[in-house]
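Report on one structure; see the data block that follows.
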Amino acid sequence: MAEMVKVGAHEDASRTILSWLKQYHKDLAKQAVAVRVGDEFLDLTAPLPVGQEIEVISAGDPLGLEILRHSTAHLMAQAVIRLFPGAKPAIGPSIEQGFYYDFATDRPFTEEDLAAIEAEMKKLAKQNLTVEREELERADCIARYREMGNAFKTEILEEIPQPTVTVYRQGEFFDLCRGPHVPSTGRLGAFKLLSVAGAYWRGDEKRPMLSRIYGTAFPTQEELDAFLTMREEAKRRDHRRLGRELGLFLNSPEVGAGLPLWLPKGATVRYALETFLRTELVRRGYQPVYTPHIGKLDLYRTSGHYPYYKDDQFPPITFGDEEGEEEGYLLKPMNCPHHIQIYKSEMRSYRDLPLRMAEFGTVYRFEQSGELGGLTRVRGFTQDDAHLFLTPEQLDVEFKATVDLILFVLRTLGLSDYRVRVSLRDPNSDKYVGDPENWDQAQRAILQAVQDLGMEYTVAEGEAAFYGPKLDFLVRDSIGREWQLGTVQVDYNLPQRFELEYIGEDGHAHRPVMIHRAPFGSLERFFGLLIEHFAGAFPVWLAPVQAVVIPISERHHEYARTVAATLRAFMARVEVDERSETMRYKIREAQLQKVPYMLVVGDKEAEEQTVGVRSRTEGDLGAVPLAQFAEQLRAEAQIPTAG
RNA sequence: GCCUCCAUAGCUCAGUCGGUAGAGCGCGUCCUUGGUAAGGACGAGGUCACCGGUUCAAAUCCGGUUGGAGGCUCCA
């Protein structure tokens, strides 16, 4: 942790912080990368702030690590320019797991370039070049970058309001940077370049594509190695790998990219998840509906889906009728328009509200090809969707009840590592429907509710749905990418576009408010992340196969079948492994398939009507009377409820 | 969609300098009938993703397509 030290008033203000630290705080000096005085960061090469409390930031601190990585990014840029003199550095920040730097180049970097760049970096680190901070007139700095033909830096500079800027110099390399940085390149050593990628300048696809190099750095080689090992291990729980190994799902190019097939074992897990949620929905006053997979184009013109999200949909199915009129249908990108038609099918009274309409609705979206992968981003998926139609007065209570449902689902499945995000509209974008007043009202409602609930959350502008703001629950996958699962959305706009009404207590028509919500989000994505969360080892109630009966030899097959039949009477999912393999082999296989229970049956068990229980996690538990084990399994396989 | 990389048996992968293919696992048959994480033998599987080009000759070199991976963008 960062340490506070006091610099005496009598100290010499002309010496550097580093030299002072070396004299009085030798250990700290080795670890230090920068210091903070009040709100201001200083380099170790800065003059000593005499008579001040200074906070020494070490490489091991979160802030220090950021600085270390940022300095490593500079080191990489220096190496790149040495090897590729034409490369123009654009921007190179530290990020959560390391750093990157973007360059404009004659040809994009390839992975083969990384080794050479890394070697050059090592060389520069070894030379222990001093890193110097320098203040410069902004105009001079612009001129200098102009001369070098670097339009990116000049663009950044032109947006800086201050008249002076700082650059950091090490050897022949200098870079516009706020700092702070490590005092010399010798401080850097435990780094690794990880990958290359294309990246649009300023994230704008209309601007040039730059070549980005990702890397990471740590204070010590041990920490770097540990990070790399962890990365390898994380790959082993990747749901795409486990999906194949455990026979859970399949992506077939013959069917189409992003259109996953659920294999029997995966489908069994999904069935358990659906049953779990359906049960809960009944308890919470939801009504089921079913709606078709396609709807008329006009429906989506009214909803706004067709005009606003045309590019993200499969092309409409169109044909001319006898009069030559163009007729068209759309694979539904969302379920709400259909549900809204059910709402509209009757005159609704305030007494009917809240009306909670639920459907596991399959939707289709034409996601960009570069974005597809596994189960986390697909083109056909099923939402555990529901739409709540409410009087405005009911919004607060129902919104909170919905949040409670999502929290219950996450808690029950043990997903505790999630983040909550309030997704608002970007006021400068025209990709939203509805009046600003509606939006403000909806956004206020969400913010009020999460504050009342005392939830921790972040706000993200521009992440809203096109019809309303959302509260999103995000979870990370095995390689650190964050995905939105559950979501609650408040919507004043679609009720208006579809002219929804209910008759209030006063006998007049009023406009209802809608909540769109999905605790899982999509069954596919949720399943993908759940596979990774459990590393494929599902709890008994979700496990596709809950127990495998393992007969020791052929003469035990009959008893093995009796055991299976007894357990199946309780709806347990049981298989008998009758293959001509050794018991040890069958155990290994069941263990690798992450089956919760292996039931070994031989002479002794058949004789005594017991099963030799081996638990996936605890190993051999000895013989247990069959009836007793059946009871135990039944209890463990129980689908959880809020109780 | 854009950038980089990748595609060899069902799976994981080897295949040098261009001379039309290999291993392990899995699968099948047979032997083995076993007490808590791989018993043994034999065998069947491949238009080297697809289309085109260069070449006497292409898994190998070049172009395109499709699919996959990591990013960027997008995201309902």
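Quick note: numbers below take in every heavy atom, side chains included, and nothing from hydrogens, waters or symmetry partners. Chain naming here is simple, since letters A, B, ... match the order of the sequence lines and numbering starts at 1 in each.
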So among L250(A), L248(A), L523(A), T382(A), which one has a side chain to side chain contact (heavy atoms under 4.5 Å, CB included) with W262(A)?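 Output: one option passes, namely L523(A).
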Roughly how many Å apart are [M] and [N], using the [atom1] atom of each and rounding to a whole number?
| N | M | atom1 | value |
| --- | --- | --- | --- |
| G1(B) | A57(B) | P | 35 Å |
| C30(B) | A49(B) | C1' | 36 Å |
| C2(B) | C61(B) | C1' | 27 Å |
| A41(B) | G67(B) | C1' | 39 Å |
| G46(B) | U20(B) | C1' | 12 Å |
| G35(B) | U47(B) | P | 43 Å |
| G45(B) | G40(B) | P | 24 Å |
| G15(B) | A9(B) | C1' | 14 Å |

Kindly assign one of parallel, tilted or perpendicular to the pair [X] and [Y], based on the angle between their ring planes and the thresholds 30° and 60°.
| X | Y | value |
| --- | --- | --- |
| W201(A) | F152(A) | perpendicular |
| F527(A) | F249(A) | perpendicular |
| Y300(A) | H338(A) | tilted |

Which part of the nucleic acid, if any, lies within contact of [X], taking any heavy atom under 4.0 Å across all strands shown: a base, the sugar-phosphate backbone alone, or nothing?
| X | value |
| --- | --- |
| L194(A) | nothing |
| Y467(A) | nothing |
| A623(A) | nothing |
| P108(A) | sugar-phosphate |
| G480(A) | nothing |
| R481(A) | sugar-phosphate |
| G619(A) | nothing |
| L372(A) | sugar-phosphate |
| Q484(A) | nothing |

Looking at [X] and [N], is any side-chain donor or acceptor paired with a base atom of the opposite kind under 3.5 Å?
| X | N | value |
| --- | --- | --- |
| R377(A) | C75(B) | yes |
| Y200(A) | G71(B) | no |
| R614(A) | A37(B) | yes |

From CD of E618(A) over to P of A37(B), roughly how many Å is that when rounded to an integer?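 Value for this atom pair: 16 Å.
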Rounded to whole Å, how long is the line connecting atom CG of N251(A) with atom P of A49(B)?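 Atom-to-atom, N251(A) to A49(B), this comes out as 20 Å.
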Less than 4.0 angstrom between a side-chain N/O of [X] and OP1 or OP2 of [N], yes or no?
| X | N | answer |
| --- | --- | --- |
| R244(A) | U12(B) | yes |
| Y585(A) | G26(B) | yes |
| R207(A) | C2(B) | no |
| K235(A) | A69(B) | no |
| Y214(A) | C72(B) | yes |
| R212(A) | U4(B) | no |
| R616(A) | A37(B) | no |
| R240(A) | G70(B) | yes |

Within this structure, what is the CZ-CG distance for the pair R419(A) and L485(A), rounded to the nearest 0.5 Å?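 If we round to the nearest 0.5 Å, R419(A):CZ and L485(A):CG are 12.0 Å apart.
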Give, for atom NZ of K192(A) and atom OG1 of T216(A), the distance between the pair rounded to the nearest 0.5 Å.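 Reported value, rounded in 0.5 Å steps: 11.5 Å.
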Do R379(A)'s NZ or CZ and the ring of Y364(A) fall within the cation-pi criteria of under 6.0 Å and 45°?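 Not satisfied by the 6.0 Å and 45° rule.
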Reading RNA chain B 5' to 3', how would its secondary structure be written in dot-bracket notation, given Watson-Crick and G-U pairs with both distances under 3.5 Å, brackets [ ] for crossing pairs and | for partners on other strands? (((((((..((((.....[..)))).(((((.......))))).....(((((..]....))))))))))))....
From Y100(A), Y101(A), F84(A), Y214(A), residue fulfilling ring pair (Phe, Tyr, Trp, His ring centres under 6.0 Å) relative to F109(A):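 The option that passes is F84(A).
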Are there more than 12 heavy atoms of other residues, nucleotides or ligands under 6.0 Å from atom CD of E558(A)?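 Not more than 12 within 6.0 Å, no.
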Mind telling me if G45(B) is syn or anti? Syn here is a glycosidic angle within 90° of 0.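 It is syn.
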Identify, between D620(A) and S195(A), the residue whose nearest nucleotide on RNA chain B lies closer to the 5' end.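 In this pair, the answer is D620(A).
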Closest-nucleotide ordering on RNA chain B, the 5'-leading residue of G256(A) and A197(A):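 In this pair, the answer is G256(A).
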Under a 4.0 Å threshold between the charged nitrogen and the carboxylate oxygen, would E589(A) count as salt-bridged to R579(A)?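 A salt bridge links R579(A) with E589(A).
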Determine whether the aromatic ring centres of residues F629(A) and Y597(A) are separated by less than 6.0 angstrom.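 Centroid distance Y597(A)-F629(A): below 6.0 Å, so yes.
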Using a 4.0 Å heavy-atom cut-off to protein, can you give one letter per nucleotide of nucleotides 28-35 of chain B, 5' to 3': B if the base is in contact, S if only the sugar-phosphate is, - if neither? ----BBBB
Is the closest side-chain donor-acceptor distance between R425(A) and Q443(A) under 3.5 Å?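 Side chains of R425(A) and Q443(A): no pair found under 3.5 Å.
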